[in-house]
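We use all heavy atoms of the structure for the numbers below, so side chains are in, but hydrogens, waters and symmetry mates are not. Every chain is numbered from 1 and lettered A, B, ... according to where its sequence line falls, protein lines coming before strand lines.
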Amino acid sequence: MEKKIYLDNAATTKTRPEVVEAMLPYFTELYGNPSSVYEYASQNKKAIDDARTQTAKVIGADPSEIYFTASGTEADNWAIKATVEAYADKGNHIITSKIEHHAILHTCEYLAKHGYEVTYVDVDENGIIKLDELEKAIRPTTVLITVMFANNEIGTIQPIKEIGELAKKNKILFHTDAVQAYGQVPIDVKELNIDMLSASAHKLNGPKGIGLLYIRKGVKIRSYVHGGGQERQRRAGTENVPGIVGFGKAAEIALATIKEREEKECKLRELLMKRVLSEVPFVRVNGDKVRRLPNNINFSFQFIEGESLLIMLDMKNICASSGSACTSGSLDPSHVLLAIGLPHEIAHGSLRLTVSDEITEEEINYTVDQIKEIVEKLREMSPLYEDFMKKSN
Amino acid sequence: MEKKIYLDNAATTKTRPEVVEAMLPYFTELYGNPSSVYEYASQNKKAIDDARTQTAKVIGADPSEIYFTASGTEADNWAIKATVEAYADKGNHIITSKIEHHAILHTCEYLAKHGYEVTYVDVDENGIIKLDELEKAIRPTTVLITVMFANNEIGTIQPIKEIGELAKKNKILFHTDAVQAYGQVPIDVKELNIDMLSASAHKLNGPKGIGLLYIRKGVKIRSYVHGGGQERQRRAGTENVPGIVGFGKAAEIALATIKEREEKECKLRELLMKRVLSEVPFVRVNGDKVRRLPNNINFSFQFIEGESLLIMLDMKNICASSGSACTSGSLDPSHVLLAIGLPHEIAHGSLRLTVSDEITEEEINYTVDQIKEIVEKLREMSPLYEDFMKKSN
Amino acid sequence: MYTQKVMDHFTNPRNVGEIENASGVGTVGNAKCGDIMRIYLDINADGVINDVKFKTFGCGAAVATSSMATELVKGKTVQEALQVTNKAVMEALDGLPPVKVHCSLLAEEAIHAALWDYAEKNNMKIEGLEKPKSDIHEDEEEVEY
Amino acid sequence: MYTQKVMDHFTNPRNVGEIENASGVGTVGNAKCGDIMRIYLDINADGVINDVKFKTFGCGAAVATSSMATELVKGKTVQEALQVTNKAVMEALDGLPPVKVHCSLLAEEAIHAALWDYAEKNNMKIEGLEKPKSDIHEDEEEVEY
Ligand SMILES: Cc1ncc(COP(=O)(O)O)c(C=O)c1O
Ligand SMILES: Cc1ncc(COP(=O)(O)O)c(C=O)c1O
């Protein structure tokens with residue numbers, strides 16, 4: 001195909017033209033500093049308030065509970081580091097899962113080096129956290145449970161409500177990294193007992209460089225980035241007004257289209273899965289079949305390695321990913337795929353395809369055709385496949 | 001005047017149309033995640049590299065020494081918090097000045113609550129740091145000296161070279177918050193012995209929400225935002241590609257125009273100062289007359305209060321500031337003006353006007369006319385002025 | 001930031017000025033906070049406020065609350081003037097931003113200070129009037145880092 | 001990410017396949033790292049590498065270095081083949097990204113492993129050839145958080 005087929009929407013998304021349109025005036029016309037006294041800047045203040053309302057609505061929060069950050073990563077860092085600091089009197093123990101994004105895992109590892117204790121709870125073969133293990137992990141010193149809403153690699157959606165209840169029952173704060181789920185699946189923070197939630201605009205057709213942390217009213221939390229009094233004294237730095245406005249617009253559109261996108265994406269996903277499973281041998285689908293992000297498909301092709309697959313797909317104008325984008329360049333296979341029990345060589349052969357509502361069935365069919373051909377080609381040069389075939393004969 | 005006269009360029013600036021133009025493709029066309037394997041994303045990687053080169057040039061750094069952040073504030077937080085952590089073996093003492101931006105001061109105050117020791121060195125009546133005090137403050141446990149390049153309120157430029165030498169001689173790291181100076185005055189980090197430097201794009205006609213920290217090769221520093229492997233493992237979070245590209249473009253233009261802007265702005269500044277000093281009684285100029293940012297003017301008008309002045313100027317379509325934008329809303333007068341020795345009531349009557357190269361002489365003349373009228377009006381209703389006049393008579 | 005009423009009273013403040021040989025003068029606030037208000041009262045023999053003037057050093061809200069407070073007490077008896085609370089001033093201005101509420105307290109206090117001065121000058125006691133503090137400090141929310 | 005040469009050898013790898021009854025076969029790497037290379041050598045009585053084939057499980061660089069390494073040793077004597085270093089492979093490919101340098105080491109090692117196998121089968125000792133490690137681990141830079 002001439003046209004690029006972008007199947008990496010979990011890594012990042014195209015900023016919607018309407019979103020860019022909404023942002024533009026705030027670069028060259030309404031560029032004032034929202035903290036200023038003059039009337040001119042108050043338009044920016046209002047724009048930020050509007051975006052706070054738009055982004056809050058997506059998760060059933062109050063606008064005053066939304067704090068803008070520069071990224072999902074910053075929101076994750078903030079939620080964890082500032083919480084453990086604020087509740088240091090109570091304890092130093094954090095519970096998380098083995099399949100979190102590095103923004104959570106590396107933050108926990110950092111804290112572990114600084115006197116905190118972290119329990120990484122196992123997941124089952126579909127990537128669903130083991131609730132009984134989670135419950136057992138709770139100690140009197142546990143100050144935070146942080147479990148992601150949906151996994152970025154295998155798309156598995158966690159039993160957030162159950163975790164929220166467990167946290168509430170035990171009077172422990174509950175944070176969820178919803179970077180992959182926000183605007184993609186319905187979320188109600190009140191119903192789900194979520195105390196803090198991270199999101200990132202560029203995952204829902206908003207701009208890069210803007211995220212948010214929802215902090216439930218009443219949660220004691222310190223600042224993470226210190227300085228000026230922005231975001232009601234909680235997050236310093238001149239507000240990224242265009243980014244915030246863009247996030248607001250993207251959130252509004254995401255909320256309005258959530259159902260139709262889900263339907264469309266699920267259809268594409270099922271077509272892709274069905275064809276690959278029936279036409280390519282030695283392949284498995286990773287992640288839960290039902291509790292799954294609408295746009296996520298994750299395969300493991302036996303005997304071949306993911307990067308070669310990606311490059312060959314790229315040469316056919318197909319953008320995909322193997323494991324999370326951040327870890328490419330690393331030699332270890334995805335920690336998520338290992339956590340669901342895949343052996344190394346199978347984990348290495350994984351391919352993540354994440355669709356959007358702009359993808360057509362034709363493009364999916366073309367993609368499957370290419371996958372078939374490439375997988376075959378790579379297997380022909382694979383010593384693992386050679387060994388396997390010899391053993392089978 | 002019908003047209004708004006924007007004299008608050010130290011708070012934030014208009015994003016140049018050429019900068020927006022440069023950013024636009026990265027929203028809707030080249031939106032890929034730079035960490036991805038496919039060719040499509042490598043264009044983004046290149047765009048980031050280019051911006052790294054453009055921003056490095058402004059301060060004579062190597063591109064590999066530039067790390068993009070979300071703001072000047074984040075760069076300040078990072079430089080200080082991660083340095084004291086990395087050099088914990090050596091000591092726990094930080095030296096800074098009394099007139100730093102809150103991004104530095106509040107970070108230091110935070111660290112002071114967590115076992116670190118901070119010395120705040122005095123400045124003279126022009127806002128220049130007392131080098132002898134600085135030298136005396138050095139202890140064997142001092143791990144960092146952080147002194148701003150130029151002050152955001154009164155525009156005073158610090159003797160950075162001398163501080164750099166002092167730091168080097170004593171084998172202490174030297175960080176400078178150059179958010180106000182970067183792209184406005186020539187800076188050479190090598191010549192000035194600067195180990196780390198913070199900058200923020202929106203102060204030089206770049207977009208909001210993007211900053212940088214220069215870290216000299218060889219400086220041991222930890223991460224501050226933990227997560228994915230972006231920015232060579234040092235600053236996690238999906239890259240804000242449009243923001244980075246915009247910063248690069250803004251830096252390129254700033255560097256190319258630095259001389260002509262300086263000339264133009266100094267001329268406007270001198271016109272404004274001269275007229276106000278000769279036509280308005282009971283006024284002083286704050287900050288150093290010579291070692292001063294080209295675009296900064298800071299007055300204190302006796303007997304009146306800054307906010308009223310600002311609002312009245314606003315009604316005449318003039319955007320200005322009193323003290324730093326971040327502190328408006330606070331009741332205390334600027335810590336900078338107090339540090340240079342102004343009594344409270346005079347500090348309260350301060351007005352900061354920061355010009356840009358888009359401002360005309362006509363606009364400056366109009367502004368002076370308005371200032372004269374408003375100051376007179378406010379003095380007429382001031383009990384302090386009444387007392388003063390009665391005493392004088 | 002401010003309501004139209006506040007802006008109106010700030011840009012066209014009513015009753016700016018001094019009263020020579022005023023019946024009572026009160027000055028409250030201090031330069032540290034950035035707000036100083038002075039109220040002059042001219043009170044006739046019947047205890048009615050014939051005239052009132054003010055001078056204020058302070059922000060837009062400080063000027064507007066002074067102006068509104070003088071309007072509210074003008075023509076009132078001393079006892080009626082005492083009933084003019086900061087709430088009344090705020091309401092008459094259609095509200096103030098939270099950080100500016102202290103200005104309305106200052107205006108109330110300035111009236112009281114002028115009345116106190118009037119009472120002292122006349123060696124009388126005004127029912128319900130306590131010696132005014134010259135400073136109004138709200139408890140600022142402590143910000144934790 | 002990759003040079004044109006790398007892409008060429010990745011997409012059109014030379015000498016993919018097996019050699020039945022090969023003079024020597026070497027397999028190095030492991031699935032944990034994500035790279036496994038197997039080299040088949042057909043060496044004639046004069047000690048010249050008549051034919052060479054490879055199979056590789058791994059990234060683009062792993063395939064390309066395998067392909068290039070086979071090209072470089074084809075037609076060479078055993079002693080000449082021993083001189084084909086990972087540097088030579090990299091240079092022939094116009095370079096590799098830093099994170100992929102280990103692939104070229106693996107290719108060198110795979111050749112050595114096949115030669116070792118050949119030597120063992122023939123009960124001979126090849127001057128300068130040490131028993132190859134099956135794993136190549138570069139010292140990864142330790143990242144501090
Ligand atoms: C689950 C999850 N958490 C956190 C992040 C980090 O978000 P960002 O890159 O916007 O900081 C991502 C995406 O990169 C993600 O998928
Ligand atoms: C001297 C100085 N340092 C730091 C900052 C913070 O920069 P930012 O608001 O981009 O985080 C500013 C401006 O607000 C500043 O003037």
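Side-chain atoms of B:H102 never come within 3.5 Å of backbone atoms of A:G228 as a donor-acceptor pair (strictly under, hydrogens ignored). Under a 3.5 Å cut-off, the side chain of B:N33 and the backbone N or O of A:A11 do form a donor-acceptor pair.
When heavy atoms are compared at a cutoff of 4.5 Å, A:T69 does not approach chain B at all. For chain B, no part of A:M315 is nearby; none of its heavy atoms comes within less than 4.5 Å. Using a 4.5 Å cut-off between heavy atoms, A:N77 touches chain B through its side chain atoms alone. Contacts between A:A41 and chain B at a heavy-atom distance below 4.5 Å are absent for every atom of the residue.
Residues A:S71 and B:T238 fail the side-chain proximity criterion, which asks for heavy atoms closer than 4.5 Å. Residues B:L313 and A:Y38 are not in side-chain contact: their nearest non-hydrogen atoms beyond the backbone lie 4.5 Å or more apart. In this structure, B:I210 and A:N240 have side chains that are not in contact, with every pair of non-hydrogen atoms separated by 4.5 Å or more.
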Between B:D314 and A:V37, is a side chain to side chain contact (heavy atoms under 4.5 Å, CB included) present by the stated rule, with each step listed?
CA-CA 8 Å; B:D314 186 22; A:V37 167; 5.9 Å; no
A:L24 and B:L24: side chain to side chain contact (heavy atoms under 4.5 Å, CB included), yes or no, with the steps?
CA-CA 10 Å; A:L24 280 179; B:L24 280 179; 3.9 Å; yes
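In terms of the ring pair (Phe, Tyr, Trp, His ring centres under 6.0 Å) criterion, B:F68 has no residue partners (sequence neighbours excluded). Take A:K45 and apply the side chain to side chain contact (heavy atoms under 4.5 Å, CB included) test, not counting sequence neighbours, and it matches no residue.
Here A:Y110 and B:Y224 keep their ring centres 6.0 angstrom or further from each other.
Heavy-atom neighbours of chain A within the stretch residues 25-32 of chain B, taken at a separation under 4.5 angstrom, comprise B:F27, B:T28, B:Y31, B:G32.
One distance of note links CD of A:E39 with CG of B:N317; it measures 10.5 Å at 0.5 Å rounding.
Heavy-atom pairs under 4.5 Å with chain B peak, among A:I318, A:D76, A:V20, at A:V20. Comparing B:K81, B:E307, B:R16 by heavy-atom pairs within less than 4.5 Å of chain A, the highest count is held by B:K81.
When every heavy atom of B:H226 is checked against every heavy atom of A:T73, the shortest pair comes out as O-CG2, 3.3 Å. Across B:Y40 and A:C319, no two heavy atoms sit closer than the pair CD2-SG, 3.9 Å.
For residues 235-247 of chain A, the salt bridge (Lys or Arg N to Asp or Glu O under 4.0 Å) pairs, not counting sequence neighbours, are A:E74-A:R235.
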